[in-house]
Amino acid sequence: MKISQKEEFNERLLSWYHQEKRDLPWRRTSNPYYIWVSEVMLQQTRVDTVIPYYERFIESFPTMESLAEAEEEHVLKHWEGLGYYSRVRNLQAGVKEVVESYDSKIPQTRNEILKLKGIGPYTAGAVLSIAYGVPEHAVDGNVMRVFSRLFLIEEDIAIPKTKKVFEQRVMEVIDETDPSSFNQAIMELGATICTPNPRCLLCPVREFCAAFEEGKQDELPVKTKKMKKKVVTIRSFAISEPGGKWLLRKRPSNGLLGDFWEFPQIEDSPALEISESLKNETGLLIEQRQAYTQFKHIFSHVTWLVEGVHAVLLDASPIPEGYRFFSEEELELLPKSKPMSKLLEQLKK
DNA sequence: CAGGCGTGGAT
DNA sequence: TATCCAAGCCT
């Protein structure tokens with residue numbers, strides 16, 4: 001596509017968008033905070049998955065002040081099952097910053113909004129353009145896929161610096177009168193038409209598309225990186241005490257499943273001496289019962305082979321720092337990871 | 001920069 | 001079953 005065709009391109013794109021766009025909850029509001037929440041939830045997450053979470057979250061935390069004041073555990077419970085849990089801790093931290101340091105007004109320049117926790121280049125552009133009408137690029141995976149085809153850009157989108165190429169190109173093409181609709185229209189196109197297996201015959205702008213012109217739409221975008229996943233064996237100890245309570249510990253804030261409570265567990269230990277390993281790593285003294293369950297859980301970058309072991313705590317055992325007993329009722333209120341939920345499900349059998 | 005960070009759906 | 005994702009950000 002030539003830049004001289006910009007006006008005609010935007011006319012086609014935007015009229016298609018206004019006619020075909022999906023009716024989504026965050027498209028029914030102009031509240032910048034709600035837009036912010038939706039954009040964070042949508043990071044690496046499908047629209048259909050996000051919708052119910054978004055509705056519940058906004059209902060429970062209708063204002064930035066209400067989110068800023070909420071208990072982290074309560075907030076995390078609203079994110080349970082969505083994944084990438086650091087997103088919600090960063091969101092709350094960012095909202096607190098806005099409430100406390102910006103008089104509850106979200107900054108309206110890229111440099112300022114980028115300072116907020118959890119707001120990166122994409123989310124900055126998305127909030128600025130959608131909530132405030134600022135002509136800023138918001139380049140995500142959709143935009144790179146669509147633009148790589150429109151302009152026949154064959155650079156590897158798996159390499160971080162490649163994104164700059166797309167950000168520049170967006171700024172050349174963006175509709176200055178309605179940057180909100182422009183950014184959303186490109187993403188909508190990527191999500192519904194210009195998908196990995198594109199449906200070019202339905203595309204409103206195919207006559208501007210260099211890849212379609214040359215029949216290369218199926219070869220773009222170029223993306224090289226492949227994920228290799230580690231496999232880790234996890235032995236998880238469901239330790240009960242006479243009162244029927246379960247002994248849990250809190251995971252560190254950083255890293256996988258940050259701040260989640262879990263059964264004490266050890267990684268990659270020889271099966272024969274697992275009680276000894278647990279004692280070495282945690283100080284806990286237990287009497288092991290029989291292994292009661294075994295399953296696999298696949299995270300984005302690591303696979304856990306989980307073996308759940310039932311055990312009772314010996315009277316002589318110390319309770320290490322950071323460990324707590326939970327009744328069944330208390331357990332219900334905790335945010336739980338998928339592996340934790342699977343273990344509990346098995347426990348009830 | 002490379003790698004860590006969840007989950008459920010599509011192929 | 002295996003793979004790759006889907007509106008990225010942080011360190």
Side-chain angles (χ1 to χ4, degrees), chain A residues 17 21-22 24-27 35-54 76 79-91 93-94 113-131 137-147 156-164 166-167 170 180 182-192 194-197 218 221 223-232 251-260 296-304 335-342:
Chain A
Y17 175 68
K21 66 180 176 184
R22 292 166 291 177
L24 305 174
W26 45 90
R27 287 181 176 161
I35 307 288
W36 183 3
V37 170
S38 73
E39 289 301 337
V40 172
M41 285 188 171
L42 286 163
Q43 290 167 8
Q44 302 289 284
T45 310
R46 288 187 154 75
V47 164
D48 290 343
T49 304
V50 165
I51 291 174
Y53 282 91
Y54 172 85
L76 200 53
W79 213 268
E80 177 180 342
L82 249 193
Y84 286 153
Y85 300 99
S86 66
R87 286 185 294 175
V88 73
R89 290 196 304 275
N90 290 334
L91 172 63
I113 202 172
L114 273 174
K115 294 176 184 171
L116 299 174
K117 274 279 198 311
I119 296 197
Y122 164 76
T123 306
V127 172
L128 289 175
S129 62
I130 297 172
H137 58 76
V139 175
D140 68 340
N142 283 313
V143 176
M144 288 199 283
R145 184 170 56 255
V146 171
F147 270 57
D156 184 358
I157 66 169
I159 298 171
K161 67 174 182 180
T162 300
K163 194 163 69 166
K164 285 203 290 283
F166 290 93
E167 290 171 344
V170 167
S180 167
F182 178 89
N183 282 338
Q184 293 187 81
I186 296 292
M187 290 189 280
E188 188 84 358
L189 194 62
T192 61
C194 198
T195 50
N197 296 320
D218 292 320
K223 188 178 183 179
T224 59
K225 274 186 191 166
K226 285 182 183 173
M227 286 236 180
K228 40 186 168 186
K229 275 183 260 186
K230 283 189 307 184
V231 178
V232 176
R251 295 177 63 87
S253 293
N254 298 330
L256 184 65
L257 304 176
D259 285 350
F260 275 80
K296 179 168 67 173
H297 182 80
I298 303 170
F299 293 100
S300 54
H301 64 293
V302 63
T303 296
W304 278 6
K336 287 176 283 290
S337 65
K338 279 298 161 188
M340 180 74 171
S341 297
K342 285 187 199 170

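In the text below, chain A, chain B and the rest are named by the order of the sequence lines, each starting its count at 1.
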Rounded to whole Å, CG of A:Leu76 lies from P of B:dG6 at a distance of 10 Å
* To do: Using a 4.0 Å heavy-atom cut-off across all strands, classify A:Asn90 as base, sugar-phosphate, or nothing.
  => sugar-phosphate
| request: State whether the side chain of A:Ser341 and the backbone N or O of A:Ser337 hold a donor-acceptor pair below 3.5 Å, judged by distance alone. | output: yes
Is a side-chain N or O of A:Trp79 found less than 3.5 angstrom from the main chain of A:Gly83, in a donor-acceptor match? yes
Taken to the nearest whole Å, CZ/A:Arg46 to P/C:dC4 is 15 Å
- Message: Taking B:dC1 as the reference, what is the distance to C:dA6 when you measure between their P atoms (whole Å, please)?
- Response: 23 Å
Between NZ of A:Lys296 and P of B:dT7 the distance, given in whole Å, is 16 Å
For A:Arg145 and A:Pro221, the nearest pair of non-hydrogen atoms, with its separation, is CG-CD, 3.5 Å
Given the P atoms of C:dA2 and B:dC5, what is the spacing between them in whole Å? 23 Å
Produce the list of close N/O pairs, under 3.5 Å, pairing protein atoms with atoms of nucleotides 1-5 of chain B; give distances to one decimal.
{"residue": "B:dC5", "atom": "OP1", "partner": "A:Leu256", "partner atom": "N", "Å": "2.8"}
{"residue": "B:dC5", "atom": "OP2", "partner": "A:His301", "partner atom": "NE2", "Å": "2.4"}

Here the distance between atom C1' of B:dG6 and atom CG of A:Leu91, to the nearest Å, is 17 Å
Heavy-atom nearest pair, A:Glu188 first then A:Arg27, reads OE1-NH2, 2.8 Å
Checking C:dC9, B:dT7, C:dA6 against the side chain of A:Ser337 (C-beta onward), the nearest is B:dT7
Report task. Answer yes or no: is there an ion pair linking A:Arg87 with A:Glu39, defined by an N-O contact shorter than 4.0 Å? Result -> no
Using a 4.0 Å heavy-atom cut-off, does A:Thr123 contact any base of the nucleic acid, only the sugar-phosphate backbone, or nothing at all? sugar-phosphate
Does B:dG6 have OP1 or OP2 under 4.0 Å away from a side-chain N or O of A:Thr45? no
Of the listed C:dA2, C:dC5, B:dG6, the closest approach to the A:Gln44 side chain comes from B:dG6
What one should report as the nearest heavy-atom pair of A:Trp26 and A:Ile35 is O-CD1, 3.7 Å
Looking across every strand, which nucleic acid part, if any, lies under 4.0 Å from A:Arg27 by heavy atom: base, sugar-phosphate, or nothing? base
Closest to the 5' end of DNA chain C, once A:Arg145 and A:Leu114 are matched to their nearest nucleotides, is A:Arg145
- Does the side chain of A:His297 get closer than 4.0 angstrom to OP1 or OP2 of B:dG6 through an N or O atom? no
For A:Ser180 and A:Ser129, the nearest pair of non-hydrogen atoms, with its separation, is CB-O, 3.2 Å
Whichever of A:Asn197 and A:Lys338 has the more 5' nearest nucleotide on DNA chain B, that residue is A:Lys338
inquiry  = If we count only N and O atoms by modelled type, under 3.5 Å, do the side chains of A:Thr224 and A:Asp156 hold a donor and an acceptor together?
reply    = yes
- Task: Could you work out the separation of B:dG6 and C:dT11 based on their P atoms and round it to a whole Å?
- Result: 14 Å
In whole angstroms, the gap separating P of B:dG8 from OH of A:Tyr53 amounts to 7 Å
Here the distance between atom P of C:dC9 and atom CZ of A:Arg89, to the nearest Å, is 16 Å
Between CG of A:Leu42 and P of B:dT7 the distance, given in whole Å, is 18 Å
When rounded to whole Å, the NZ to C1' distance for the pair A:Lys223 and C:dG8 reads 11 Å
